[in-house]
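Chain naming here is simple, since letters A, B, ... match the order of the sequence lines and numbering starts at 1 in each.
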Amino acid sequence: MIMSAPVRTRIAPSPTGAPHLGTAYMALFNLAFARKHGGQFILRIEDTDRQRSSVQSEQAIFDALKWAGIEWDEGPDCGGNHGPYRQSERLDLYEKEINRLIEKGFAYRCFCTPERLNQLRASQMANKETPRYDGHCLSLSPEESAQRAKSEPFVVRMKIPESGECTFTDELRGEVTIDWTQIDHQVIRKTDGFPTYHLANVVDDHYMGISHVIRGEEWISSTPKHVLLYQYLGWDAPEFVHLPLLRNPDKSKLSKRKNPTSIFYFRDAGYLPEALINYLGMMGYTLPDQREIFSLGELSESFDIKRISLGGPIFDLAKLKWLNGRYLREQLQPEEVVERLQAWKANPDFLGKILPLALQRLETFSDFFPLAQFLLSEQPEFDLETLTGKLQPDQPAKLLKIAEWELEKANHWDRQTLSSIFQNISETEEIKLKHLMPLFFVAMSGAPVSLPLFDGLALLGPDLTRVRLRKAINQLGESGNGLSKKGLKALEKDYTARYGSRID
RNA sequence: GUCCCGUUCGUCUAGCCAGGUUAGGACACCGGGUUUUCAUCCCGGCAACAGGGGUUCGAAUCCCCUACGGGACGCCA
């Protein structure tokens, strides 16, 4: 490793779904490390999954990271000397390297059908073996392979040594050794011609001059594939640093099912970006002097990646709130707090969107804020009796859950879409909309009567909405009218039958 | 199931690499004070080295085993 090589780090999110806290977390340390060493930090969009990637989601990543105060030196929006920074625009490059791998005999085309592979996997699982490709297409001659490729769909797989082990160095953990027998003949090019993550990330990190790959712990077990690809392609591998994963309170990997995970949730619920970043900076890390209030700049100045601790930190909203409070009263001047509050939701734009919903219900100004309150708070208070209303006690939890799943499918978050989702639930459940709605009014606003719900939800946004639904479901659970594990499973099956499969 | 990674108060962590500390700080919680209430603020308290073996005069710290937790095992990233 050449010590004088410039430090270049990257964050490589895939533009699917809402911008995730984990992305900001990884970005933070990548950025701090690059700054500390006078290097560059790059944003690369990993949009190789054509089904799930969207331009809206890509834009959301830009917006969310910028809101959080994460700035990149090179990226799809600002360019740079190593572009393009969107993987979908680099297909020729991947194709070239894939062909090189095939020619050298390090990779091969595979014509197996998904059906065959599913069967194979199922039988291996049944025999308690590690699911692995069986090498069916490995023996095809180059000629036959090339010939069939003209008329048949295929994927390209990388070859993996049949025995021995792979040892690589993780900067925090030391040497990590994994047997090659544990590694599958990974698909590196999909039927649609797009590369998979494993290939694309290696090719891009090489051509983009990435010196340190700082990413989540979830990647440790596929690092041997990456190391091998660097070897096959004749390139030096970067340094690897695997950071611990943010956790839910139950210690599982942070997930939106159990926590707010969208960066926008924190923006919309009224947190300060500098407090959020500060908080993320203390997950698994402490500054050498142990101060607890610090900016991104201060973190970068003294940053020492070796100080990262490896136990997975639990994301604790209570402590984040405490920290946010300290920012409000210690780091900002009162005038600044007013300005920030206005910029948040107390501005003509946002209030102007609420007004049409409230106007007919107003007699004096005093009526406005009580009506709008649920759109300006993180969570409303409600009591369970009001929530359940006239429904059977076992109904609310199910209906809320169904709504949560249905809402996840929404491509747009506007009045019309929301309206049709609830219409559909009403029809499918054979409950008149009129009887269905009070439940949601209470869950969303705390009261059975409120501003028009669909417009309200549209203003609230998907992230705050989801958390409110979940809070209501949880409270029902605590009172004994929730969904048991069994009940949830049954509901999910039933849901799939009547509404179609869930998406994530 | 297989493999990999991890494990200090309920939570975030310092200390570990260069063995000797009354194992420190913060959140939460409990108690007291300031405050016309509440909050803030101040003071105090509770509370941890997962277990077992080694090495050593001495282990949270080094080594091994066990347990527990997490992750990976996709034509997702």
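The side chain of A:Trp219 sits closest to B:A77 out of B:C3, B:A77, B:A72. In the set B:U2, B:C5, B:U11, B:C5 carries the atom at the smallest distance from any side-chain atom of A:Arg173. Listed nucleotides B:G24, B:G6, B:A72 differ in distance to A:Ser221; the shortest reach to its side chain belongs to B:A72. Minimum atom distance to the side chain of A:Ser309 is reached by B:A14, of the listed B:G71, B:A14, B:C5. Comparing B:C76, B:C5, B:G71 against the side chain of A:Leu245 picks out B:G71 as the nearest. Relative to the side chain of A:Arg307, the nucleotides B:G70, B:G6, B:G15 differ in distance, and B:G15 lies closest. Of the candidate nucleotides B:A28, B:A77, B:G70, B:A28 has the atom nearest to the side chain of A:Trp322. Here the side chain of A:Asp49 is nearest to one of B:U13, B:U2, B:A77, namely B:A77. Ranking B:G71, B:G69, B:A77 by closeness to the A:His198 side chain, first place goes to B:A77. Among the nucleotides B:C3, B:C76, B:G71, the one closest to any side-chain atom of A:Glu218 is B:G71.
With hydrogens and angles left out, the side-chain atoms of A:Glu274 and A:Asn278 include no donor and acceptor closer than 3.5 Å.
With a cut-off of 3.5 Å on both pairing distances, the Watson-Crick or G-U wobble partner of B:U11 is B:A26. With a cut-off of 3.5 Å on both pairing distances, the Watson-Crick or G-U wobble partner of B:C41 is B:G33. Pairing of B:G1, defined by two Watson-Crick or G-U wobble distances under 3.5 Å, is identified with B:C73. Applying the Watson-Crick and G-U wobble criteria (two distances, each under 3.5 Å), B:G19 pairs with nothing in any strand. Under the Watson-Crick and G-U wobble criteria, each requiring two contacts below 3.5 Å, nucleotide B:U55 is left unpaired. Across all strands shown, B:C68 forms a Watson-Crick or G-U wobble pair, both distances under 3.5 Å, with B:G6.
The separation of B:U13 from B:U22, taken at their P atoms, amounts to 26 Å, rounded to a whole angstrom. Between B:C42 and B:G58, the distance separating the two C1' atoms is 41 Å to the nearest Å. Nucleotides B:G70 and B:U8 have their P atoms positioned 14 Å apart, rounded to a whole Å. Distance check on atom P: B:G20 versus B:C63 gives 15 Å, rounded to whole Å. Between the C1' atoms of B:C41 and B:U35, the separation comes to 9 Å (whole Å). One C1' atom belongs to B:G10, the other to B:A47, and the distance between them is 9 Å to the nearest Å. B:G33 and B:G51: their C1' atoms are spaced 44 Å apart (whole Å). Here, B:U40 and B:G24 have their P atoms 25 Å apart, quoted to the whole Å.
For A:Arg329 and B:C41, the shortest distance from a side-chain N or O to OP1 or OP2 is below 4.0 Å. A close approach under 4.0 Å does occur between a side-chain nitrogen or oxygen of A:Thr286 and OP1 or OP2 of B:A14. Phosphate proximity of B:U7 to A:Lys251: absent, as no side-chain N or O sits under 4.0 Å from OP1 or OP2. Listed pair A:Lys225 / B:A72 fails the phosphate criterion, with no side-chain N or O lying under 4.0 Å from OP1 or OP2. Look at A:Lys190 and you'll find a side-chain N or O under 4.0 angstrom from OP1 or OP2 of B:A77. Taking 4.0 angstrom as the limit, A:Thr48 places a side-chain polar atom (N or O) nearer than this to OP1 or OP2 of B:A77. Using a 4.0 Å cut-off, no side-chain N or O of A:Arg326 falls inside it from OP1 or OP2 of B:C41.
As judged by a 4.0 angstrom heavy-atom cut-off over every strand, A:Thr177 is placed among residues touching the sugar-phosphate backbone only. A:Val155 comes within 4.0 angstrom of a nucleotide base, judged by non-hydrogen atoms across all strands. Nucleic acid contact for A:Cys166: none, since no nucleic acid atom lies under 4.0 Å from a heavy atom of the residue. Using a 4.0 Å heavy-atom cutoff across all strands shown, A:Arg121 reaches sugar-phosphate atoms only and no base atom. Residue-level contact check: A:Pro249 touches neither bases nor backbone, having no heavy atom under 4.0 Å from any strand. Heavy atoms of A:Glu46 sit under 4.0 angstrom from primed sugar atoms or phosphate atoms, though from no base atom.
The distance between atom CZ of A:Arg116 and atom P of B:C75, rounded to the nearest whole Å, is 13 Å. Across the protein-nucleic acid pair, A:Ile293 atom CD1 and B:G25 atom P stand 18 Å apart, rounded to whole Å. One atom, CD1 of A:Ile11, and another, P of B:A77, lie 16 Å apart when rounded to the nearest Å. Distance A:Glu217 CD to B:A72 P: 10 Å, rounded to the nearest Å. Taking atom CE of A:Met283 as the reference point, atom P of B:A26 lies 17 Å away to the nearest angstrom. When rounded to the nearest whole Å, the span between CG of A:Leu172 and P of B:G6 equals 10 Å. With rounding to whole Å, A:Ile308 atom CD1 is found 16 Å from B:C12 atom P. We find that CG of A:Leu243 is positioned 16 Å from P of B:C5, with the value rounded to whole Å.
In this structure, A:Arg291 is not positioned above the aromatic face of A:Phe294 in the sense of NZ or CZ being under 6.0 Å from the six-membered ring centre and within 45° of the axis. Cation-pi geometry between A:Arg44 and A:Tyr85 is not met at under 6.0 angstrom from the ring centre and within 45 degrees of the axis. For the pair A:Lys471 and A:Phe382, the cation-pi criterion (under 6.0 Å, within 45° of the ring axis) is fulfilled.
Applying the 3.5 Å distance criterion, the base of B:A28 shares no donor-acceptor pair with the side chain of A:Lys319. A donor and an acceptor atom never sit less than 3.5 Å apart when one is taken from the side chain of A:Glu292 and the other from the base of B:G25.
Between A:Asp316 and A:Lys319, none of the side-chain N atoms (NZ, or NE/NH1/NH2) sits under 4.0 Å from a carboxylate O, so this pair counts as no salt bridge. One finds a salt bridge joining A:Arg173 and A:Glu217 here, because a Lys/Arg side-chain nitrogen approaches an Asp/Glu carboxylate oxygen to under 4.0 Å. Checked for salt-bridge contact, A:Arg100 and A:Glu97 meet the test: a charged N lies under 4.0 Å from a carboxylate O.
When side chains are defined from C-beta on, A:Thr223 counts as touching A:His242, because their heavy atoms get closer than 4.5 Å.
Mapping A:Asp192 and A:Ala318 onto RNA chain B by nearest heavy atom places A:Ala318 closer to the 5' end of the strand. Positionally, the nearest nucleotide of RNA chain B for A:Leu254 lies more toward the 5' end than for the other of A:Leu254 and A:Thr113.
Ring centroids of A:Tyr499 and A:Trp405 are separated by 6.0 Å or more, keeping the two rings apart.
Heavy-atom contacts from other residues, nucleotides or ligands closer than 6.0 Å to CD of A:Glu71 number 12 or fewer.
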